[in-house]
Amino acid sequence: MTSLLNPFSVSIDPRSGDLAPDRNVQERHLSDMPRHYLDASARDDDPLVYAVHQIDVPATSSNLLSSTTTLYPGKVGLEYFMTKGHFHKVRDRAEIYYSLAGEGRLVMATEEGEVRVEEMRPGIANYVPGGWSHRSVNVGDSPLVFYAIYIADAGQDYATIEDKGFPVVIVDSGSGPTAVENPRFSRS
Ligand code: PAN
Ligand code: ZN
């Protein structure tokens, strides 16, 4: 028989996304995302784009994995700072994002290329159904912080997005954040 986990509690700073006690933190710099932006050469520095603070639990279908993401404000060319984005390895695994600070867009797409863009801001919970890839984009001028919860065996498939991209990209059109067709998107 598998042993039970002990109950635990974590404190979340909604402004920074920091957890106490602190957990597994993964940082993503621009150099970690060479294929994600349309024009990665638009900057010659290597800013920290986002950090994920994960509350680790065993990766089984009976546990819920959760994390905060702190996505910093900034742009690469016309594109706002964003996460890599992924499908779940176990494709049907859904996820909930609950925003704690900042302003963003959640871009979701199916493997057939159907796309949806939803707003992210404090007080909004976004539901990402199974089968939809997802990427968050910070369209504001302060950190976008959100809490994510999903079934712990979901896993992340980054390669499909690295190869094909999302059908749309979120750019600063001069009059605010706008979803435009991704010229590099390739349908499966
Ligand atoms: C989130 C993401 C997190 C970072 O916890 O993993 O926001 O984005 P990338 O994983 O695309 O780099 C999630 O969707 N987990 O499944
Ligand atoms: Zn996910």
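The model shown is predicted, which means the values in this text are computed figures rather than measured ones. Start at 1 and go down the list; that is how both ligands and their atoms are numbered.
Within the 4.0 Å heavy-atom shell around ligand 1 one finds His88. Residue-ligand proximity: Ala154 is placed with every non-hydrogen atom at 4.0 Å or more from ligand 1. At least one heavy atom of Gly85 sits less than 4.0 Å from an atom of ligand 1.
Around the Zn ion (ligand 2), the two atoms NE2 of His88 and NE2 of His86 are separated by an angle of 110°, to 10 degrees.
Although no hydrogens or angles enter the test, the distance criterion places no donor-acceptor pair under 3.5 Å between the side chain of His29 and the main chain of Glu27. In this structure, the side chain of Asp46 engages the main chain of Ser31 through a donor-acceptor pair within 3.5 Å.
Here the heavy atom of the protein found nearest to atom 3 (C) of ligand 1 is Thr69 OG1, 3.3 Å. Summary of contacts: the protein heavy atom closest to atom 5 (O) of ligand 1 is Ser67 OG, 3.2 Å.
Nearest to the Zn ion (ligand 2), among the N, O or S atoms that Glu95 has, is OE1.
Across His86, Lys84, Arg135, Lys89, heavy-atom proximity to atom 2 (C) of ligand 1 is greatest for His86.
Short contacts between ligand 1 and Tyr158, defined as distances under 4.0 Å to a heavy atom of the residue, involve ligand atoms 9 (P), 10 (O), 11 (O), 12 (O).
When only interatomic distances are considered, the shortest N/O to N/O separation between His134 and ligand 1 falls below 3.5 Å.
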